[in-house]
Amino acid sequence: MTVKTRFAPSPTGYLHIGGARTALFSWLYARRHGGSFVLRIEDTDQERSTPEAINAILDGMAWLGLDYDEGPFYQSQRGERYAEVIDQLLASGHAYRCYCSKERLDSLREDQRARKQKPGYDGRCRDIVEPPADAEAEPVIRFRMPTEGAVHIDDRVRGHVSFQNSELDDLIIARADGSPTYNLVVVVDDMDNGMTHVIRGDDHLNNTARQVNILRALDVAPPSYAHVPMILDEDGRKLSKRSGSASVMDFRDQGYLPEAVVNYLVRLGWSHGDQEIFTPEEMIANFDIDAINQSASSLNASKLAWLNQNYMKTLEPAYVGEHLAWHLRQLGVDPDAGPSLAALVACQAERTKTLVEMAHNSLFFYRAPSEYDDKAARKNLKGDATQALATVRERLSGLDDWSVEAIHATVQGTAEALGLKMGKVAQPIRVAVSGGAVSPPIDSTLALLGKETSLARIQAAEAWIAENLSEA
RNA sequence: GCUCCCAUCGUCUAGCGGUUAGGACGCCGCCCUCUCAAGGCGGAAACAGGGGUUCAAAUCCCCUUGGGAGCACCA
């Protein structure tokens with residue numbers, strides 16, 4: 001049997017990070033077994049399903065690089081099929097019309113809670129033949145849940161889980177307006193699409209028994225289920241949109257590479273021995289549902305950051321440069337008006353954790369510092385730096401070969417000639433060209449900056465020193 | 001309240017009856033060094049508690065505690 005998995009998000013306006021991991025697991029499992037991965041949009045709730053909300057899901061998937069073999073399918077377009085199944089269930093006696101009003105249902109639940117019982121439908125319309133005389137509204141349709149026996153599920157990550165049917169009430173499968181509800185729709189779609197493996201969040205574990213019973217009524221064998229645990233935030237709490245990292249796009253905005261996010265996600269709840277870094281091929285080759293953890297896991301930003309830096313260092317610099325360009329534009333910088341992005345990435349990657357940080361720390365390559373960092377200037381742009389700056393500038397200006405090696409030799413030669421330590425020459429230059437005390441190695445920095453710009457900024461620093469001395 | 005699920009360093013995890021309880025992130029120290037990093041080396045850090053089963057339990061069973069999910073004409 002060919003493996004078929006699906007990811008079935010409801011369009012909430014963004015791709016949730018937990019959903020993204022579920023999608024990744026499903027995708028990996030399908031890829032691993034040469035199967036098919038399906039994307040299905042659960043948009044039966046008309047009000048929430050806007051085109052924007054749907055696009056947010058699609059964009060998130062694309063950003064992560066999760067492609068699908070079939071779909072996207074939209075449940076909103078399958079109304080006829082659902083109606084057909086509902087009729088079938090009605091005809092076979094597995095479903096019935098319920099005329100109870102919402103008011104009655106609400107007070108029923110209230111009473112049950114007051115009596116410390118589990119709220120649920122009491123089955124009043126379960127066996128009636130004719131609509132009650134006092135029926136006010138259009139009826140809903142309920143599934144006739146078995147009252148005896150149990151449902152046993154062999155969950156691929158939870159193991160054996162069972163539910164007594166007596167715990168299950170008769171759920172509504174069609175609203176008064178005839179539209180189908182979630183539990184019915186999921187069952188029909190998974191059945192029609194021929195899903196072999198349903199990998200989903202464990203918030204659905206409780207629904208599974210109901211769905212299996214519906215499948216039984218339809219005389220269809222249930223798929224293999226795998227309920228993966230939730231992802232919690234750094235404090236071990238439920239992820240909320242307000243935490244700023246519930247959406248995968250939040251991670252993009254925070255400067256993470258999709259490769260890092262994917263690698264981070266795959267190791268959250270899944271492991272393969274001690275391996276931390278996985279290429280996509282390695283993930284596919286080694287992914288296994290049986291190695292998924294049973295307990296919830298918390299997001300940890302510093303580990304993600306470490307992975308991100310790892311990918312910034314090891315991925316093709318030109319590729320990372322494309323992502324950096326996006327962030328530079330966010331800062332109002334034209335990425336084409338500076339050094340080669342690949343070269344920039346090559347020397348910034350090992351000193352920044354995120355693309356946002358990289359972009360910020362690279363701003364001086366695009367515009368001269370508007371002012372010097374106070375502390376850095378006080379320490380390095382003092383009177384005694386004038387000679388060092390003037391000397392290197394003069395020597396650098398004579399350089400025909402503006403290469404890292406030549407610049408390095410020149411700066412070092414200047415230090416030696418002046419009897420100074422390397423730092424006494426390099427640091428003033430660094431502050432002069434970058435405005436602060438931190439930058440890539442001074443030779444690389446100047447090489448990236450270009451000869452003209454470098455010399456001009458050094459000269460400007462000399463002038464600044466002279467001005468500050470005269471004022472003092 | 002009822003039903004279901006979960007529990008190893010701060011975090012992600014390895015472990016699937018016998019280990020000095022391993023790795024990774026982070027943290028601390030040392031080395032390297034023109035800054036910041038990166039890198040190398042070293043270190044601190046965990047089996048929630050209590051009962052069983054067994055020659056032997058982090059591993060199996062039960063209870064407690066603590067988390068989480070579900071109980072909609074939402075998905």
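Every chain is numbered from 1 and lettered A, B, ... according to where its sequence line falls, protein lines coming before strand lines. Worth saying up front: this structure is predicted, and the values here are computed from it rather than measured.
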Tell me, which of residues 405-423 of chain A have any heavy atom that sits under 4.0 Å from an atom in RNA chain B? A:M422, A:G423
With under 30° as parallel and over 60° as perpendicular, where do the rings of A:H152 and A:H160 fit, or are they tilted in between? parallel
Can you tell me how the ring of A:Y225 sits relative to the ring of A:H227, calling it parallel under 30°, perpendicular over 60° and tilted otherwise? parallel
Contact letters for nucleotides 66-71 of chain B, in which S counts primed atoms plus P, OP1 and OP2 and B counts the base, heavy atoms under 4.0 Å: ---BBB
Quick check on [N]: is either OP1 or OP2 less than 4.0 Å from any side-chain nitrogen or oxygen of [X]?
{"X": "A:S297", "N": "B:rU13", "value": "yes"}
{"X": "A:N293", "N": "B:rA14", "value": "yes"}
{"X": "A:S439", "N": "B:rC36", "value": "no"}
{"X": "A:K353", "N": "B:rG26", "value": "yes"}

Partners passing side-chain hydrogen bond (donor to acceptor under 3.5 Å, both in side chains) against A:K424 (at least two apart in sequence or in another chain): none
Check whether the side chain of A:R158 and the base of B:rC5 form a donor-acceptor pair under 3.5 Å. no
Which one, B:rG39, B:rA24, B:rU35, comes nearest to the side chain of A:W306? B:rA24
A:Q387 atom CD, over 12 foreign heavy atoms within 6.0 Å: no
